*Asks:* 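Quick one: this structure, given as C-alpha cells, is what I'll be asking you about.
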Amino acid sequence: MASSLPPDNHAIARVLVEIADLLEIKGENPFKIRAYRNGADTVSTCAETVASLTAAELVQLPGIGRDLAGRIRELIDTGAIAFHQELLAELPVTLLDLTRLQGVGPKTVALLYRALDISTLDELEAAARSGRLRGLRGMGEKKEALILKALDERKRHSGRHLLADTHDIAVAVAAHLRHAAPGTEFVPVGSLRRQSETCGDLDILAIGGEPALFDAFVGHPLVERVLGRGETKSSVLLRGGYQVDVRLVPPASRGAALQYFTGSKAHNIALRDMALSRGWKLNEYGLFDNATGAPIAGETEDGLYEALGMTFVPPELRENRGEIQAASARNLPRLLSLSDLRGDAHCHTDATDGRDTVEAMAMAAKAAGLSYLAITDHSRALAMTGGLDEEGALRHAARVREVSKRLDGIRLLAGIECDIRPDGTLDLAEDCLAQLDLVVASVHSAFGLDEAQMTDRILRAIESPVVDVLGHPTGRLLLRRDAYAVDMARVVNAAARYGVTLEINSQVDRLDLNDVHSRLARERGVKVVIDSDAHAQAGFGTLRWGVAVARRAWLSPEDVLNTRDVEGFLAGLRRNRSKQ
DNA sequence: GCCGTTTTCGGCCCGACTGTTTTCAGTCG
C-alpha cells in the first residue's frame with residue numbers, strides 16, 4: 001500500500017507559497033518573496049511531475065534557480081523543507097489564515113501580531129468587537145468594519161471547498177481505494193456528483209465490496225483523523241480539512257444508493273413524495289410497495305426514475321428547481337457536454353499576464369480539441385499586468401492575425417479583455433475596439449460601488465456598440481469574495497436588448513455567471529459563452545467546470561455561442577449581428 | 001531569490017482605490 005507518495009505539483013507549490021507568505025509577514029525582501037511565488041507558479045503549471053525531476057532538470061524551469069531547486073528536492077526527498085519549518089517555528093501558522101481575509105495583507109497581520117499579539121481569527125474578531133483595533137496606526141472605524149465583514153464572509157465559507165479541488169481529492173482517494181479493493185466500484189456522490197460550485201464533505205459510494213476496504217480507506221496517507229470506522233460506513237478528516245465519508249452498499253441497491261446519496265435533499269424529498277402518493281416507499285435500498293414490501297426498482301438509477309414515470313434526471317439538475325416536473329413530462333433539455341465546445345473566447349498570453357506565447361496558447365487550445373481561440377489580453381487599466389493601450393492592442397491584434405494565418409487546425413481571433421472603468425466608460429477608445437474581432441468587457445476595480453452605481457456602470461458598458469461579451473459578470477471569487485452589488489436581472493435584460501453575450505468564466509474560483517444567473521440568461525434568450533480565461537497552456541482544462549455550471553443551468557448546445565463553428569460564432573457576436 | 005549580462009551586480013510589472021492621512025501606507029489585481 002502506498003505510504004509516502006511523492007508530493008504532487010500542487011503540494012510543492014503550496015509549500016513555496018506558504019514560505020512566501022511567511023516571509024512577507026516578516027517583512028523580507030519583496031523580490032525574494034516574489035521569487036518564491038514565481039517558483040510556485042511555475043511548479044503548479046508545470047506539465048511534468050516535478051517530483052520526478054533532478055535538481056539539474058529543475059533549474060531549467062523558468063523562475064527556479066539553484067536555491068529553489070535545492071529546496072524542492074529537499075521537500076521531495078525528506079518530506080519537508082527545513083527553512084519552511086524554521087519559519088513556522090518563528091511565526092504561528094494561524095497567521096496565514098489572517099492574510100487570506102479580504103482587505104487584510106501581510107503588513108496588517110504583522111502589525112496585529114506585534115502590537116496586540118493577535119494570531120488567530122478568533123483573537124482578531126474579539127479585538128475588533130472590543131474596539132481595540134482602533135488604537136493602532138492606520139486603523140479606524142471603517143477598517144474595523146471591513147475586518148468584521150471579512151471575518152463574517154470567512155465564517156460563512158468555512159468547511160467548504162472548490163468543486164475542482166474536491167474533484168482532485170475524490171480522484172486521489174478513489175484511486176487509492178480501487179487499488180486496495182480492485183473488485184469494488186467507487187463512485188463519488190453528493191454535491192460533487194451534482195457538480196455544485198463548492199462542496200462540503202466528500203461522499204464516496206463503494207458498491208459491492210468487503211468491509212475490509214475501510215482499513216485501506218482510514219489508512220490513506222492524507223488521513224489526519226479517523227472520525228468513525230464501521231462495517232458499512234467510515235469517515236475521516238483529511239489534511240487540509242476535508243471530511244470524507246465512504247459508504248458500502250450491496251450491488252442490488254446500487255441505483256437507489258446512487259440516487260439517495262447524490263441528493264440534493266430537496267430533490268429527494270420531492271421524489272419520496274411522488275413515491276408516497278403511489279403507495280410506495282423510497283429509501284437508499286430501493287423503491288418498495290408499501291402494502292406488500294415487494295421491491296419495485298433500485299438496481300439502477302434509470303429504472304428508479306422510470307418506475308416513478310420520469311426520464312433519467314442528470315445529477316446536475318437534482319435541486320428541485322423544476323426538474324421533476326420536466327422529467328415527468330419527458331421534457332428535460334439535452335444538456336451541454338464538454339465535447340460540444342468548439343472554441344474559447346477568453347485567454348491571456350505573455351503580452352500581458354499570461355505565461356505563454358500566442359503560438360503556444362493556440363497549440364494548447366488545439367490539443368484541447370478546440371478549433372478557434374480568441375486572444376483577449378488585458379487593457380491598460382490593469383497596469384500590473386502590462387495592460388495594452390490602443391496602439392499596443394492593435395499591434396497585438398495584427399500579430400495574432402498573422403500567427404493565425406500560419407496555423408493549421410486552429411483559428412485565432414484578435415480580441416481584448418477591456419476594463420470597464422468605474423463610471424462605465426471603456427478603458428480603450430471605441431475606434432480601436434471596433435477594429436478587433438471581439439471585445440470582452442470586464443470589471444476589475446472599484447468593487448465597492450453601491451448597487452445602483454455598479455448596475456449603471458455595467459449597463460453603460462453593455463450599451464456601448466463595441467462590447468460583445470460581458471466577462472465574469474458578478475466579480476465573485478468563490479470562498480473568498482462575494483459578488484459585487486449588481487442587479488443581475490437588469491443586466492440580463494440589457495444583454496438581451498443589445499445582443500451582448502454573457503460569459504461563464506470557467507476559472508475554478510470564479511464560475512461566474514453562476515448556475516442561477518446562467519439559467520436566467522437562457523430564459524431571457526441571452527446567449528452564453530463558456531470561456532477558460534486561460535493564463536497558461538494548461539489552462540484549457542478548466543472548461544469542464546464552466547460546462548458543469550451550464551449543465552446545472554439547464555443549458556443546451558444552442559444556448560452556448562462557442563458550440564458553433566467559428567463563422568457561426570462570429571455571426572452571433574453583437575458587432576456582427578447589428579450589421580445584419 | 002532569479003536572471004542576464006554591458007557575466008558576479010543591479011534590476012526585478014505598477015496604477016487605482018481606500019482609509020487613514022495632511023502626504024501616505026496598505027491592498028488588490
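Naming convention: chains lettered A, B, ... in sequence-line order (proteins, then strands); numbering from 1 in each chain. Given the structure is predicted, the values throughout are model-derived calculations rather than measurements.
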*Asks:* Using whole Å, what does the distance between atom C1' of nucleotide B/dG1 and atom CG of A/Asn38 come to?
*Replies:*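 Between C1' of B/dG1 and CG of A/Asn38: 10 Å.
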*Asks:* A/Asp41: which residues meet the salt bridge (Lys or Arg N to Asp or Glu O under 4.0 Å) condition with it, sequence neighbours left out?
*Replies:*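 Salt bridge (Lys or Arg N to Asp or Glu O under 4.0 Å) check on A/Asp41 returns A/Arg355.
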*Asks:* Nearest-nucleotide wise, let me know which of A/Arg510 and A/Leu61 is further upstream toward the 5' end of DNA chain B.
*Replies:*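 Looking at DNA chain B, the more 5' nearest nucleotide goes with A/Leu61.
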*Asks:* Starting from P on B/dA16, measure out to CG on A/Leu449 and report it in whole angstrom.
*Replies:*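 Rounded to the whole Å, the gap is 16 Å.
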*Asks:* Between A/Glu24 (CD) and B/dG1 (P), how many Å, whole number?
*Replies:*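 To the nearest whole Å, that distance equals 15 Å.
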*Asks:* For A/Thr474, which residues count as a side chain to side chain donor-acceptor pair (under 3.5 Å) partner, sequence neighbours excluded?
*Replies:* A/Asp512
*Asks:* A/Ala345 and A/Phe569: which non-hydrogen atoms are nearest, and at how many Å?
*Replies:*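 That closest heavy-atom pairing would be CB-CZ, 3.8 Å.
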*Asks:* Check every atom of B/dC17, B/dG29, B/dG1 against the side chain of A/His444 and return the nucleotide holding the closest atom.
*Replies:*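 The closest nucleotide is B/dG29.
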*Asks:* Report each atom pair, protein N/O against N/O of nucleotides 5-10 of chain B, whose distance is under 3.5 angstrom.
*Replies:*
none

*Asks:* Can you run down the side chain to side chain donor-acceptor pair (under 3.5 Å) pairs that involve residues 432-447 of chain A, sequence neighbours left out, and say none if there aren't any?
*Replies:* A/Arg401-A/Asp437, A/Glu417-A/Ser442, A/Glu417-A/His444, A/Asp419-A/His444, A/His444-A/His472, A/Ser445-A/Arg457
*Asks:* Return the set of residues passing salt bridge (Lys or Arg N to Asp or Glu O under 4.0 Å) with A/Arg497 (not counting sequence neighbours), or none when no residue passes.
*Replies:*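 With neighbours one apart ignored, the set is empty.
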*Asks:* Which value, rounded to the nearest 0.5 Å, describes the distance between A/Glu451 atom CD and A/Tyr484 atom OH?
*Replies:*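 Taking CD in A/Glu451 and OH in A/Tyr484, the distance rounds to 12.5 Å.
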*Asks:* Give me each pair satisfying salt bridge (Lys or Arg N to Asp or Glu O under 4.0 Å) with a member in residues 84-100 of chain A, each pair once, sequence neighbours excluded.
*Replies:* A/Lys26-A/Glu90, A/Asp97-A/Arg100
*Asks:* Mind checking the CG-CD spacing from A/Leu148 to A/Glu125? Nearest 0.5 Å is all I need.
*Replies:*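 Here the interatomic distance stands at 6.5 Å.
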*Asks:* Using a strict heavy-atom distance below 4.0 Å, which residues from residues 81-91 of chain A are in contact with DNA chain B?
*Replies:*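 Result for residues 81-91 of chain A: none.
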*Asks:* Nearest whole angstrom, please: distance from the C1' of B/dG1 to the CG of A/Asp21.
*Replies:*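 It is 16 Å, rounded to the nearest whole Å.
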*Asks:* When you compare B/dT21 with B/dG15, how far apart are their P atoms, in angstrom units rounded to a whole number?
*Replies:* 26 Å
*Asks:* Can you list, in residue-number order, the parts of residues 530-539 of chain A that come under 4.0 Å of DNA chain B, counting heavy atoms only?
*Replies:* none
*Asks:* Say we look at B/dT7 and B/dC2: how far apart would their C1' atoms be, to the nearest angstrom?
*Replies:*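 Approximately 15 Å lies between the C1' atom of B/dT7 and that of B/dC2.
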*Asks:* Using Watson-Crick or G-U wobble geometry with both distances below 3.5 Å, tell me the partner of B/dC28, or none.
*Replies:* B/dG15
*Asks:* Would you give a per-nucleotide map of nucleotides 21-28 of chain B, 5' to 3', where B means the base has a protein non-hydrogen atom under 4.0 Å away, S means only the sugar-phosphate does, and - means neither?
*Replies:* -----SSS
*Asks:* Go through residues 419-431 of chain A and report each residue with a non-hydrogen atom lying under 4.0 Å from DNA chain B, sorted by number.
*Replies:* A/Pro422
*Asks:* Looking at A/Phe83, is A/Arg71 sitting on its ring face, NZ or CZ under 6.0 Å from the six-membered ring centre and within 45 degrees of the normal?
*Replies:* yes
*Asks:* What pairs meet the salt bridge (Lys or Arg N to Asp or Glu O under 4.0 Å) rule with one or both residues in residues 478-487 of chain A, with sequence neighbours excluded?
*Replies:* A/Arg156-A/Asp482, A/Arg480-A/Asp509
*Asks:* For nucleotides 12-15 of chain B, which of its nitrogen or oxygen atoms have a protein nitrogen or oxygen under 3.5 Å away, and what is each distance?
*Replies:*
| residue | atom | partner | partner atom | Å |
| --- | --- | --- | --- | --- |
| B/dC13 | OP1 | A/Arg34 | NH1 | 2.2 |
| B/dC13 | N1 | A/Met384 | O | 3.2 |
| B/dC13 | O2 | A/Met384 | O | 2.5 |
| B/dC13 | N3 | A/Met384 | O | 2.9 |

*Asks:* Quickly work out the A/Asp67 CG to B/dG1 P distance and round it to whole Å.
*Replies:*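 Spelled out: CG on A/Asp67 to P on B/dG1 is 5 Å.
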*Asks:* Rounded to whole angstrom units, what separation is found between the CG atom of A/Leu23 and the P atom of B/dG1?
*Replies:* 8 Å
